[in-house]
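As the structure is a prediction and not an experimental result, all values here were calculated from the model.
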Amino acid sequence: MGRPAPGMSEGPGKRPSLRLRLLVRILRLFVRPHSRYEPDPWASRALMAHLKAPPLGGTVRAGTVGGIPGEWASRGEPAATLLYLHGGAFVVCSPQTHRTITVGFARRGFRVFAPAYRRAPEHRFPAALDDVVASYRGLLAEGHDPGQIAVAGESAGAGLALSLLLRLRDLGLPQPAAAALFSPWIDLAHTGATMRSNAERDPMFHPDHADAVARHYLGDADPRTPLASPLYADLTGLPPLLIQAGDSELLLDDSRRLAARARAAGLDATLTIWPGVPHGWQIFGALLPEAQRSLDQAAAFLHGHLAPGA
């Protein structure tokens with residue numbers, strides 16, 4: 001394969017931990033088999049409602065920004081603000097299910113707002129994007145300096161984060177300082193080679209699952225619509241990007257292609273590929289040292305691009 005291109009890396013260079021190896025076994029036994037069936041968004045939401053993470057190491061409170069409800073996570077009095085967009089394939093999860101990540105960022109010097117954006121299939125594309133744009137506008141209206149705002153998300157939330165940056169550029173609004181994208185789902189047409197080459201390696205998902213969930217979100221929209229699948233967008237003018245992905249993910253090529261396209265557009269784009277981790281492993285922050293190292297890397301990257309004074 002040769003050496004990685006500048007700004008790209010083959011991950012943290014550590015062997016997968018014992019905890020990670022055990023988690024992957026559990027996911028393969030109990031999660032992956034269910035991904036072969038047509039997803040039921042309401043059953044999945046009912047399950048996730050019982051998995052609300054406690055706010056370990058920080059405080060959380062309900063809030064509304066730009067008319068969009070959500071949850072603030074904080075610790076101390078940080079100057080920097082992070083807009084975090086949770087994953088869940090656009091149909092499940094919530095700010096409450098992702099406290100391991102939002103509070104993790106709060107412990108690393110951010111005041112974090114996670115919007116409870118509208119979910120499919122009741123609210124199809126572009127409802128979720130409209131909500132996160134409203135949240136960002138709300139931060140600006142409240143006086144937050146865009147140079148001291150960062151954006152992050154995982155999976156569908158990472159795709160929303162990238163779509164948000166594109167919409168802000170097209171609206172002529174100021175960009176945030178930087179963005180961190182974890183296991184981004186940015187090609188809803190699923191044309192990446194790893195959708196096939198990692199079909200048996202991915203410990204969580206079967207390729208058919210991705211197609212079924214994408215239909216819930218897209219409705220009649222073309223899966224290559226740039227604001228739904230930002231891999232197909234012109235990326236010119238976006239802020240620095242950190243992209244993290246696991247080497248066994250179905251969506252690995254989404255990250256690889258994004259990094260290549262971003263660098264071709266002149267962006268500061270860093271890709272790190274992590275060995276042995278499942279899709280969106282950052283949510284296992286209370287369990288995995290790999291999740292903690294991921295958040296360490298992301299927080300350092302984002303802080304490194306904030307305007308002076310943050």
Side-chain angles (χ1 to χ4, degrees), residues 10-12 14-54 56 86-94 96-101 104 119-120 153-159 182-185 187-188 190 192-217 244-256 272-295:
E10 288 301 314
K14 292 181 179 288
R15 183 182 179 191
S17 66
L18 176 59
R19 289 185 177 187
L20 173 57
R21 297 197 299 272
L22 290 173
L23 174 65
V24 166
R25 284 178 176 269
I26 292 169
L27 294 173
R28 189 170 290 280
L29 285 172
F30 297 105
V31 175
R32 181 178 165 85
H34 296 284
S35 74
R36 292 181 178 273
Y37 305 106
E38 181 75 18
D40 182 335
W42 297 276
S44 298
R45 288 179 197 171
L47 173 63
M48 295 303 293
H50 297 289
L51 299 178
K52 295 180 180 179
L56 298 175
H86 71 79
F90 301 106
V91 299
V92 297
C93 296
S94 68
Q96 291 75 30
T97 61
H98 280 61
R99 287 172 178 168
T100 51
I101 299 178
R119 298 172 299 184
E154 104 287 344
S155 191
F182 305 146
S183 299
W185 187 24
D187 176 13
L188 275 59
H190 302 132
T194 51
M195 289 296 294
R196 299 177 298 278
S197 62
N198 278 348
E200 298 303 323
R201 295 185 66 209
D202 192 302
M204 293 182 70
F205 299 120
H206 187 273
D208 291 345
H209 178 83
D211 291 332
V213 175
R215 289 194 298 271
H216 281 306
Y217 177 60
Q244 297 180 351
D247 64 354
S248 62
E249 291 193 56
L250 292 175
L251 298 181
L252 172 58
D253 264 5
D254 283 31
S255 293
R256 286 173 169 165
T272 59
I273 301 175
W274 294 61
V277 296
H279 177 75
W281 72 98
Q282 295 82 4
I283 200 170
F284 299 105
L287 173 67
L288 296 182
E290 288 84 358
Q292 294 298 322
R293 291 200 298 270
S294 166
L295 294 183

| request: For R21, look at atom CZ and say whether over 12 heavy atoms of other residues, nucleotides or ligands are found less than 6.0 Å away. | output: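 For R21, atom CZ is crowded (more than 12 foreign heavy atoms under 6.0 Å).
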Output the distance between atom [atom1] ([X]) and atom [atom2] ([Y]), rounded to the nearest 0.5 Å.
X    : Y    : atom1 : atom2 : value
R293 : S17  : CZ    : OG    : 7.0 Å
D253 : H190 : CG    : NE2   : 12.5 Å
R201 : E249 : CZ    : CD    : 10.5 Å
F182 : L295 : CZ    : CG    : 5.5 Å
M195 : D208 : CE    : CG    : 8.5 Å
L27  : L22  : CG    : CG    : 11.0 Å

Going by heavy atoms in the side chains, are [X] and [Y] under 4.5 Å from each other?
X    : Y    : answer
W281 : Q244 : yes
R19  : L23  : no
R256 : T194 : yes
I273 : S255 : no

Of the non-hydrogen atoms in [X] and [Y], which two are nearest, and what is the gap between them?
X    : Y    : answer
N198 : D247 : ND2-O, 3.2 Å
P203 : R32  : O-CB, 3.4 Å
A199 : L250 : CA-CD2, 3.7 Å
P289 : L287 : CD-O, 3.7 Å
V277 : G246 : CG2-CA, 3.4 Å

Is a donor on one side and an acceptor on the other found under 3.5 Å between the side chain of [X] and the backbone of [Y]?
X    : Y    : value
R119 : F90  : no
T100 : A286 : no
D254 : W185 : no
R15  : P275 : no

| message | Can you see whether H279 engages D202 through a side-chain donor-acceptor pair at a distance of less than 3.5 angstrom? | response |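 D202 and H279 do not have a side-chain donor-acceptor pair below 3.5 Å.
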| field | T272 side chain to W274 side chain, donor-acceptor N/O pair below 3.5 angstrom | value |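 A pair is found: one side chain offers a donor N or O, the other an acceptor, under 3.5 Å apart.
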| query | With a 4.0 Å cut-off, would you call E200 and R28 a salt bridge? | reply | no
| Matching residue for E154 among H86, H98, Q282 - test: side chain to side chain donor-acceptor pair (under 3.5 Å) | H98
